[in-house]
Amino acid sequence: MSSSSAEPRGPVDSSRVPRFAGPATFARLPRLDEVGAADVAVVGVPFDSGVSYRPGARFGGNAIREASRLLRPYNPAQDAAPFELAQVADAGDIPVNPFDITEAVEGVEAGADELLGTGARLMTLGGDHTIALPLLRAVARRHGPVALLHFDAHLDTWDTYFGAPYTHGTPFRRAVEEGLLDTSALSHVGTRGPLYGRRDLDDDARMGFGIVTSADVMRRGVDEVTEQLRERIGDRPLYVSVDIDVLDPAHAPGTGTPEAGGLTSRELLEILRGLASCRLVSADVVEVAPAYDHAEITSVAASHTAYELTTIMARQIAAAR
Ligand SMILES: N=C(N)NCCCC(=O)O
Ligand SMILES: [Zn+2]
Ligand SMILES: [Zn+2]
(Lines give C-alpha, C1' and ligand atoms only; values in the text may rest on other atoms or scores of the structure.)
(Ligands and ions follow the chains in the order given, each with its own letter.)
Protein backbone atom coordinates (compact mmCIF):
# COMPACT_ATOMS: atom_id res chain seq x y z
CA MET A 1 0.00 0.00 0.00
CA SER A 2 1.37 3.39 -0.87
CA SER A 3 -0.24 5.25 2.07
CA SER A 4 1.21 3.45 5.09
CA SER A 5 2.06 0.01 6.39
CA ALA A 6 -1.45 -0.41 7.84
CA GLU A 7 -3.84 -2.96 6.38
CA PRO A 8 -5.99 -1.61 3.56
CA ARG A 9 -9.34 -0.26 4.63
CA GLY A 10 -12.01 -2.25 2.86
CA PRO A 11 -15.68 -1.80 2.01
CA VAL A 12 -18.47 -1.19 4.50
CA ASP A 13 -19.55 -4.58 5.88
CA SER A 14 -22.91 -5.36 4.29
CA SER A 15 -23.79 -7.79 7.07
CA ARG A 16 -23.79 -4.85 9.50
CA VAL A 17 -24.87 -1.90 7.42
CA PRO A 18 -27.39 -2.89 4.74
CA ARG A 19 -25.89 -2.40 1.32
CA PHE A 20 -28.67 -0.05 0.30
CA ALA A 21 -27.89 2.40 3.14
CA GLY A 22 -25.82 5.52 2.81
CA PRO A 23 -24.27 7.35 -0.13
CA ALA A 24 -22.66 5.20 -2.81
CA THR A 25 -18.95 4.83 -3.37
CA PHE A 26 -17.58 2.19 -5.73
CA ALA A 27 -18.05 -1.22 -4.05
CA ARG A 28 -18.80 0.61 -0.74
CA LEU A 29 -15.10 1.39 -0.47
CA PRO A 30 -13.77 4.34 1.53
CA ARG A 31 -13.32 7.68 -0.15
CA LEU A 32 -9.77 8.64 -1.02
CA ASP A 33 -9.82 11.50 1.51
CA GLU A 34 -10.68 8.96 4.25
CA VAL A 35 -7.57 6.86 3.62
CA GLY A 36 -5.11 9.50 2.44
CA ALA A 37 -3.64 7.52 -0.43
CA ALA A 38 -4.62 4.57 -2.57
CA ASP A 39 -2.98 1.94 -4.74
CA VAL A 40 -5.99 1.96 -7.04
CA ALA A 41 -8.12 5.10 -7.32
CA VAL A 42 -11.61 4.64 -8.72
CA VAL A 43 -12.47 7.99 -10.26
CA GLY A 44 -15.51 9.28 -12.10
CA VAL A 45 -15.48 11.59 -15.10
CA PRO A 46 -19.00 13.02 -15.59
CA PHE A 47 -18.48 14.25 -19.13
CA ASP A 48 -20.54 13.46 -22.24
CA SER A 49 -20.20 16.51 -24.48
CA GLY A 50 -18.29 14.41 -27.04
CA VAL A 51 -21.14 12.11 -28.07
CA SER A 52 -22.45 11.72 -31.63
CA TYR A 53 -25.88 10.31 -30.76
CA ARG A 54 -27.73 9.82 -27.46
CA PRO A 55 -26.34 11.89 -24.55
CA GLY A 56 -26.37 10.81 -20.91
CA ALA A 57 -23.05 9.13 -20.12
CA ARG A 58 -22.26 12.01 -17.76
CA PHE A 59 -24.43 10.09 -15.29
CA GLY A 60 -22.60 6.80 -15.88
CA GLY A 61 -20.08 6.95 -13.04
CA ASN A 62 -22.68 7.46 -10.35
CA ALA A 63 -24.95 4.78 -11.86
CA ILE A 64 -22.02 2.32 -11.71
CA ARG A 65 -21.34 3.32 -8.11
CA GLU A 66 -25.00 2.67 -7.21
CA ALA A 67 -25.00 -0.71 -8.97
CA SER A 68 -21.70 -1.66 -7.31
CA ARG A 69 -23.34 -1.79 -3.87
CA LEU A 70 -23.97 -5.48 -4.51
CA LEU A 71 -20.34 -6.43 -5.19
CA ARG A 72 -18.84 -8.67 -2.53
CA PRO A 73 -15.28 -8.60 -1.22
CA TYR A 74 -14.04 -12.00 -2.49
CA ASN A 75 -13.66 -12.59 -6.22
CA PRO A 76 -13.77 -16.36 -6.78
CA ALA A 77 -13.05 -16.10 -10.51
CA GLN A 78 -9.60 -14.70 -9.71
CA ASP A 79 -9.30 -16.31 -6.25
CA ALA A 80 -8.59 -12.94 -4.68
CA ALA A 81 -9.96 -10.50 -2.13
CA PRO A 82 -8.89 -7.40 -4.05
CA PHE A 83 -9.63 -4.87 -1.32
CA GLU A 84 -7.42 -6.77 1.15
CA LEU A 85 -4.56 -7.02 -1.33
CA ALA A 86 -4.33 -3.29 -2.00
CA GLN A 87 -5.89 -0.06 -0.89
CA VAL A 88 -8.64 0.69 -3.34
CA ALA A 89 -10.53 3.93 -2.75
CA ASP A 90 -13.13 6.08 -4.46
CA ALA A 91 -11.51 9.35 -5.52
CA GLY A 92 -14.80 11.04 -6.43
CA ASP A 93 -15.14 12.82 -9.74
CA ILE A 94 -12.88 14.91 -11.94
CA PRO A 95 -15.21 17.86 -12.59
CA VAL A 96 -14.82 19.32 -16.09
CA ASN A 97 -16.39 22.02 -18.26
CA PRO A 98 -19.39 20.55 -20.13
CA PHE A 99 -19.46 23.48 -22.58
CA ASP A 100 -15.86 23.42 -23.81
CA ILE A 101 -14.50 20.06 -24.96
CA THR A 102 -10.89 21.20 -25.32
CA GLU A 103 -10.88 22.60 -21.81
CA ALA A 104 -12.57 19.43 -20.51
CA VAL A 105 -9.96 17.22 -22.16
CA GLU A 106 -7.22 19.27 -20.49
CA GLY A 107 -9.06 19.04 -17.17
CA VAL A 108 -9.31 15.25 -17.33
CA GLU A 109 -5.63 15.01 -18.17
CA ALA A 110 -4.70 17.24 -15.22
CA GLY A 111 -6.97 15.35 -12.82
CA ALA A 112 -5.63 11.98 -13.94
CA ASP A 113 -2.08 13.26 -13.80
CA GLU A 114 -2.52 14.34 -10.21
CA LEU A 115 -3.88 10.96 -9.12
CA LEU A 116 -1.23 9.00 -11.02
CA GLY A 117 1.37 11.25 -9.40
CA THR A 118 0.43 9.80 -6.00
CA GLY A 119 1.45 6.37 -7.29
CA ALA A 120 -2.12 5.15 -7.77
CA ARG A 121 -3.39 3.23 -10.77
CA LEU A 122 -6.65 4.51 -12.17
CA MET A 123 -9.94 2.70 -12.58
CA THR A 124 -11.90 5.43 -14.34
CA LEU A 125 -15.70 5.41 -14.68
CA GLY A 126 -16.95 7.52 -17.59
CA GLY A 127 -18.26 9.56 -19.11
CA ASP A 128 -18.17 9.15 -22.85
CA HIS A 129 -15.21 7.70 -24.75
CA THR A 130 -13.66 11.12 -25.44
CA ILE A 131 -12.03 10.86 -22.01
CA ALA A 132 -9.79 7.95 -23.04
CA LEU A 133 -7.50 10.42 -24.84
CA PRO A 134 -6.57 12.58 -21.82
CA LEU A 135 -6.39 9.45 -19.64
CA LEU A 136 -3.90 7.91 -22.08
CA ARG A 137 -1.91 11.14 -22.16
CA ALA A 138 -1.51 11.01 -18.39
CA VAL A 139 -0.71 7.28 -18.38
CA ALA A 140 1.83 7.57 -21.24
CA ARG A 141 3.59 10.39 -19.41
CA ARG A 142 4.42 7.88 -16.67
CA HIS A 143 4.86 4.65 -18.60
CA GLY A 144 5.74 5.70 -22.14
CA PRO A 145 3.65 4.36 -25.04
CA VAL A 146 1.32 1.66 -23.72
CA ALA A 147 -0.30 -1.43 -25.21
CA LEU A 148 -4.03 -0.88 -25.65
CA LEU A 149 -6.85 -3.35 -25.40
CA HIS A 150 -10.00 -1.61 -26.55
CA PHE A 151 -13.35 -3.33 -25.99
CA ASP A 152 -15.99 -1.59 -28.10
CA ALA A 153 -18.57 -2.09 -30.84
CA HIS A 154 -16.85 0.84 -32.55
CA LEU A 155 -13.36 1.54 -33.81
CA ASP A 156 -13.17 5.04 -32.32
CA THR A 157 -10.28 5.75 -34.70
CA TRP A 158 -12.26 8.11 -36.91
CA ASP A 159 -10.72 11.49 -37.72
CA THR A 160 -13.30 14.18 -36.88
CA TYR A 161 -17.05 14.72 -36.47
CA PHE A 162 -18.37 18.03 -37.80
CA GLY A 163 -14.73 19.10 -37.88
CA ALA A 164 -14.26 18.40 -34.16
CA PRO A 165 -11.09 16.46 -33.30
CA TYR A 166 -12.04 15.53 -29.72
CA THR A 167 -15.16 13.35 -29.71
CA HIS A 168 -16.13 9.89 -28.50
CA GLY A 169 -15.49 8.46 -31.97
CA THR A 170 -11.93 9.77 -32.31
CA PRO A 171 -9.85 9.27 -29.15
CA PHE A 172 -7.63 6.46 -30.41
CA ARG A 173 -6.65 8.16 -33.68
CA ARG A 174 -5.55 11.18 -31.63
CA ALA A 175 -3.71 8.86 -29.23
CA VAL A 176 -1.79 7.23 -32.09
CA GLU A 177 -0.98 10.63 -33.62
CA GLU A 178 0.33 11.83 -30.25
CA GLY A 179 2.55 8.77 -29.80
CA LEU A 180 0.76 7.61 -26.65
CA LEU A 181 0.34 4.02 -27.83
CA ASP A 182 2.74 1.18 -28.59
CA THR A 183 1.53 0.52 -32.12
CA SER A 184 2.82 -3.05 -32.06
CA ALA A 185 0.26 -4.00 -29.42
CA LEU A 186 -3.10 -2.45 -30.24
CA SER A 187 -6.30 -4.50 -30.36
CA HIS A 188 -9.98 -3.80 -30.69
CA VAL A 189 -12.28 -6.49 -29.29
CA GLY A 190 -16.00 -6.84 -29.98
CA THR A 191 -16.02 -4.64 -33.08
CA ARG A 192 -19.15 -4.89 -35.23
CA GLY A 193 -21.79 -2.93 -37.04
CA PRO A 194 -21.94 -0.67 -40.08
CA LEU A 195 -19.08 1.70 -40.93
CA TYR A 196 -18.87 4.84 -43.05
CA GLY A 197 -16.80 2.94 -45.63
CA ARG A 198 -14.12 0.31 -46.23
CA ARG A 199 -11.58 3.06 -45.66
CA ASP A 200 -12.38 3.12 -41.93
CA LEU A 201 -10.84 -0.35 -41.67
CA ASP A 202 -7.85 0.53 -43.87
CA ASP A 203 -7.07 3.63 -41.78
CA ASP A 204 -7.46 1.62 -38.59
CA ALA A 205 -5.11 -1.13 -39.78
CA ARG A 206 -2.55 1.45 -40.86
CA MET A 207 -2.52 2.82 -37.32
CA GLY A 208 -1.54 -0.65 -36.15
CA PHE A 209 -4.77 -2.03 -34.74
CA GLY A 210 -5.73 -5.69 -34.90
CA ILE A 211 -9.41 -6.54 -34.69
CA VAL A 212 -11.18 -9.36 -32.89
CA THR A 213 -14.77 -8.92 -33.97
CA SER A 214 -17.75 -9.86 -31.90
CA ALA A 215 -18.35 -12.74 -34.33
CA ASP A 216 -14.72 -13.91 -33.86
CA VAL A 217 -15.34 -14.23 -30.12
CA MET A 218 -18.42 -16.33 -30.84
CA ARG A 219 -16.72 -18.55 -33.48
CA ARG A 220 -13.24 -18.97 -31.97
CA GLY A 221 -14.23 -18.85 -28.33
CA VAL A 222 -13.05 -16.86 -25.36
CA ASP A 223 -9.96 -18.94 -24.48
CA GLU A 224 -8.39 -18.88 -27.94
CA VAL A 225 -9.07 -15.19 -28.41
CA THR A 226 -7.69 -14.31 -24.99
CA GLU A 227 -4.53 -16.32 -25.63
CA GLN A 228 -3.97 -14.37 -28.84
CA LEU A 229 -4.51 -11.05 -27.05
CA ARG A 230 -2.08 -12.01 -24.28
CA GLU A 231 0.59 -12.88 -26.85
CA ARG A 232 0.16 -9.55 -28.58
CA ILE A 233 0.42 -7.63 -25.30
CA GLY A 234 3.40 -9.54 -23.88
CA ASP A 235 4.96 -7.77 -20.90
CA ARG A 236 4.26 -4.25 -22.13
CA PRO A 237 2.43 -1.83 -19.82
CA LEU A 238 -1.23 -2.29 -20.72
CA TYR A 239 -4.17 0.09 -20.71
CA VAL A 240 -7.65 -1.45 -21.01
CA SER A 241 -10.52 0.72 -22.23
CA VAL A 242 -14.00 -0.80 -22.05
CA ASP A 243 -16.83 0.91 -23.90
CA ILE A 244 -19.87 -0.82 -22.42
CA ASP A 245 -21.46 -0.89 -25.88
CA VAL A 246 -19.09 -3.79 -26.60
CA LEU A 247 -21.88 -5.78 -24.96
CA ASP A 248 -24.98 -6.69 -26.89
CA PRO A 249 -27.86 -4.25 -26.28
CA ALA A 250 -29.57 -7.13 -24.47
CA HIS A 251 -26.71 -7.00 -21.94
CA ALA A 252 -26.19 -3.24 -22.02
CA PRO A 253 -29.17 -1.26 -23.25
CA GLY A 254 -28.10 1.83 -21.32
CA THR A 255 -25.65 3.34 -23.75
CA GLY A 256 -25.60 6.03 -26.39
CA THR A 257 -24.68 4.23 -29.64
CA PRO A 258 -25.96 0.64 -29.33
CA GLU A 259 -25.16 -1.95 -32.05
CA ALA A 260 -26.79 -5.35 -32.44
CA GLY A 261 -24.81 -8.58 -32.22
CA GLY A 262 -22.48 -7.87 -29.30
CA LEU A 263 -20.64 -9.81 -26.62
CA THR A 264 -22.42 -11.27 -23.64
CA SER A 265 -21.37 -9.96 -20.25
CA ARG A 266 -20.09 -13.49 -19.51
CA GLU A 267 -17.77 -13.36 -22.53
CA LEU A 268 -16.44 -9.92 -21.59
CA LEU A 269 -15.78 -10.86 -17.96
CA GLU A 270 -14.08 -14.12 -18.96
CA ILE A 271 -11.78 -12.36 -21.44
CA LEU A 272 -10.81 -9.85 -18.75
CA ARG A 273 -10.08 -12.63 -16.23
CA GLY A 274 -7.81 -14.19 -18.84
CA LEU A 275 -5.68 -11.05 -18.77
CA ALA A 276 -4.75 -11.42 -15.10
CA SER A 277 -1.09 -11.98 -15.98
CA CYS A 278 -0.82 -8.79 -18.05
CA ARG A 279 0.81 -5.64 -16.65
CA LEU A 280 -2.35 -3.56 -16.28
CA VAL A 281 -1.37 0.02 -15.46
CA SER A 282 -4.82 1.65 -15.59
CA ALA A 283 -8.27 1.12 -17.11
CA ASP A 284 -11.57 2.78 -17.89
CA VAL A 285 -15.21 1.76 -18.29
CA VAL A 286 -17.15 4.29 -20.34
CA GLU A 287 -20.40 5.03 -22.18
CA VAL A 288 -22.88 3.90 -19.52
CA ALA A 289 -25.92 6.12 -20.07
CA PRO A 290 -28.41 5.21 -17.32
CA ALA A 291 -31.41 7.01 -18.85
CA TYR A 292 -31.69 4.20 -21.44
CA ASP A 293 -31.03 1.44 -18.92
CA HIS A 294 -33.54 -0.97 -17.41
CA ALA A 295 -33.28 -2.52 -13.96
CA GLU A 296 -29.58 -1.50 -13.83
CA ILE A 297 -28.68 -4.15 -16.43
CA THR A 298 -25.95 -1.96 -17.90
CA SER A 299 -24.61 -0.46 -14.71
CA VAL A 300 -24.43 -3.88 -13.03
CA ALA A 301 -22.43 -5.21 -16.00
CA ALA A 302 -20.19 -2.15 -15.82
CA SER A 303 -19.69 -2.54 -12.06
CA HIS A 304 -18.58 -6.16 -12.53
CA THR A 305 -16.29 -5.11 -15.37
CA ALA A 306 -14.62 -2.52 -13.13
CA TYR A 307 -14.43 -5.11 -10.32
CA GLU A 308 -12.52 -7.61 -12.50
CA LEU A 309 -10.14 -4.90 -13.71
CA THR A 310 -9.60 -3.66 -10.15
CA THR A 311 -8.92 -7.21 -9.01
CA ILE A 312 -6.23 -7.63 -11.67
CA MET A 313 -4.52 -4.42 -10.55
CA ALA A 314 -4.79 -5.26 -6.84
CA ARG A 315 -3.26 -8.72 -7.37
CA GLN A 316 -0.36 -7.26 -9.29
CA ILE A 317 0.27 -4.60 -6.66
CA ALA A 318 0.30 -7.27 -3.92
CA ALA A 319 2.56 -9.57 -5.95
CA ALA A 320 5.09 -6.76 -6.50
CA ARG A 321 5.26 -5.87 -2.82
N1 LIG B 1 -17.55 5.58 -28.80
C2 LIG B 1 -18.79 5.28 -29.04
N3 LIG B 1 -19.52 4.74 -28.12
N4 LIG B 1 -19.36 5.52 -30.21
C5 LIG B 1 -18.72 6.08 -31.35
C6 LIG B 1 -19.73 6.17 -32.45
C7 LIG B 1 -19.35 7.22 -33.43
C8 LIG B 1 -20.38 7.42 -34.52
O9 LIG B 1 -21.43 8.00 -34.23
O10 LIG B 1 -20.12 7.02 -35.64
ZN1 LIG C 1 -18.74 2.24 -28.76
ZN1 LIG D 1 -16.20 3.88 -27.79
Side-chain angles (χ1 to χ4, degrees), residues 45-61 63-64 101 104-105 108 124-136 148-176 180-181 186-201 203-204 207 209 211-214 217 239-265 267-268 271 283-293 298-299 301-302 305-306 309:
V45 180
F47 173 84
D48 67 2
S49 308
V51 300
S52 56
Y53 198 47
R54 298 169 178 170
R58 64 180 60 179
F59 299 109
I64 297 168
I101 298 185
V105 164
V108 175
T124 305
L125 310 177
D128 77 49
H129 225 153
T130 311
I131 67 171
L133 174 65
L135 294 169
L136 283 166
L148 174 71
L149 203 44
H150 169 221
F151 293 86
D152 202 323
H154 309 100
L155 300 168
D156 289 359
T157 51
W158 285 291
D159 191 5
T160 58
Y161 283 85
F162 290 80
Y166 300 140
T167 78
H168 79 154
T170 57
F172 301 116
R173 183 183 291 235
R174 295 290 94 77
V176 170
L180 310 177
L181 303 179
L186 308 181
S187 306
H188 304 294
V189 182
T191 319
R192 63 190 189 275
L195 299 172
Y196 297 95
R198 165 81 228 176
R199 194 182 146 189
D200 295 349
L201 293 171
D203 287 356
D204 190 79
M207 285 176 237
F209 282 90
I211 296 181
V212 176
T213 67
S214 166
V217 174
Y239 187 90
V240 172
S241 185
V242 180
D243 182 329
I244 206 65
D245 71 27
V246 72
L247 298 181
D248 190 87
H251 293 256
T255 195
T257 46
E259 310 282 350
L263 267 55
T264 65
S265 49
E267 287 169 331
L268 172 62
I271 295 172
D284 64 55
V285 180
V286 298
E287 298 282 348
V288 172
Y292 317 102
D293 207 5
T298 313
S299 45
T305 301
L309 291 164

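Whatever order the structure lists ligands and atoms in, that order sets their numbers, starting from 1.
- The only member of T170, D204, D203, D200 that meets side-chain hydrogen bond (donor to acceptor under 3.5 Å, both in side chains) when paired with W158 is D200.
- Of the inter-residue distances, the one linking T255 atom OG1 with D293 atom CG reads 9.5 Å to the nearest 0.5 angstrom.
- When each atom of ligand 1 is checked for a heavy atom of S52 under 4.0 Å away, the hits are 6 (C), 7 (C), 8 (C), 9 (O).
- With a 4.0 Å cut-off on non-hydrogen atoms, D243 touches ligand 1 through its side chain and not its backbone.
- Of all atoms in ligand 1, listed by their number and element, those nearer than 4.0 Å to a heavy atom of D156 are 1 (N), 2 (C), 4 (N), 5 (C).
- Note on H154: counted as a metal contact of the Zn ion (ligand 2), an N/O/S atom lying under 2.8 Å.
- Closest N/O/S atom of D156 to the Zn ion (ligand 3): OD2.
- Around atom CZ of F209, more than 12 heavy atoms belonging to other residues, nucleotides or ligands sit under 6.0 Å away.
- In this structure, R192 contributes its side chain and D152 its backbone to no donor-acceptor pair below 3.5 Å.
- The distance between the ring centers of H188 and F151 does not fall below 6.0 angstrom.
- Under a 4.0 Å criterion applied to the non-hydrogen atoms of T257, ligand 1 contributes the atoms 2 (C), 3 (N), 4 (N).
- A cation-pi arrangement is present between R54 and Y292, with the terminal nitrogen or guanidinium carbon under 6.0 Å from the aromatic centre and inside a 45° cone about the axis.
- Counting the atoms of ligand 1 from 1 in the order shown, those under 4.0 Å from a heavy atom of D245 are 2 (C), 3 (N).
- Among the atoms of D245, an N, O or S atom is found under 2.8 Å from the Zn ion (ligand 2).
- Within the coordination shell of the Zn ion (ligand 3), defined by N, O or S atoms under 2.8 Å, D243 is present.
- Taking CG from L263 and OG1 from T191, the interatomic distance works out to 9.5 Å, rounded to the nearest 0.5 Å.
- Within D152, the N, O or S atom at minimum distance from the Zn ion (ligand 2) carries the name OD1.
- Which parts of ligand 1 touch Y196 is read off a 4.0 Å heavy-atom cut-off, strictly below it: atoms 8 (C), 9 (O), 10 (O).
- H154 and D156 share no donor-acceptor pair across their side chains, judged by distance under 3.5 Å alone.
- Atoms of ligand 1 found under 4.0 Å from any heavy atom of E287 (numbered from 1 in listed order, with element): 1 (N), 2 (C), 3 (N).
- For atom 8 (C) of ligand 1, the nearest non-hydrogen atom of the protein is Y161 OH, 3.0 Å.
- The shortest N/O to N/O separation between W158 and ligand 1 does not fall below 3.5 Å.
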Step-by-step side-chain hydrogen bond (donor to acceptor under 3.5 Å, both in side chains) determination, H251 to T298: CA-CA 6 Å; H251 293 256; T298 313; over 6 Å; no
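- Looking only at its N/O/S atoms, H129 has ND1 as the one nearest to the Zn ion (ligand 3).
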Criterion ring pair (Phe, Tyr, Trp, His ring centres under 6.0 Å) on Y239 and H150, from CA distance to verdict: CA-CA 8 Å; Y239 187 90; H150 169 221; over 10 Å; no
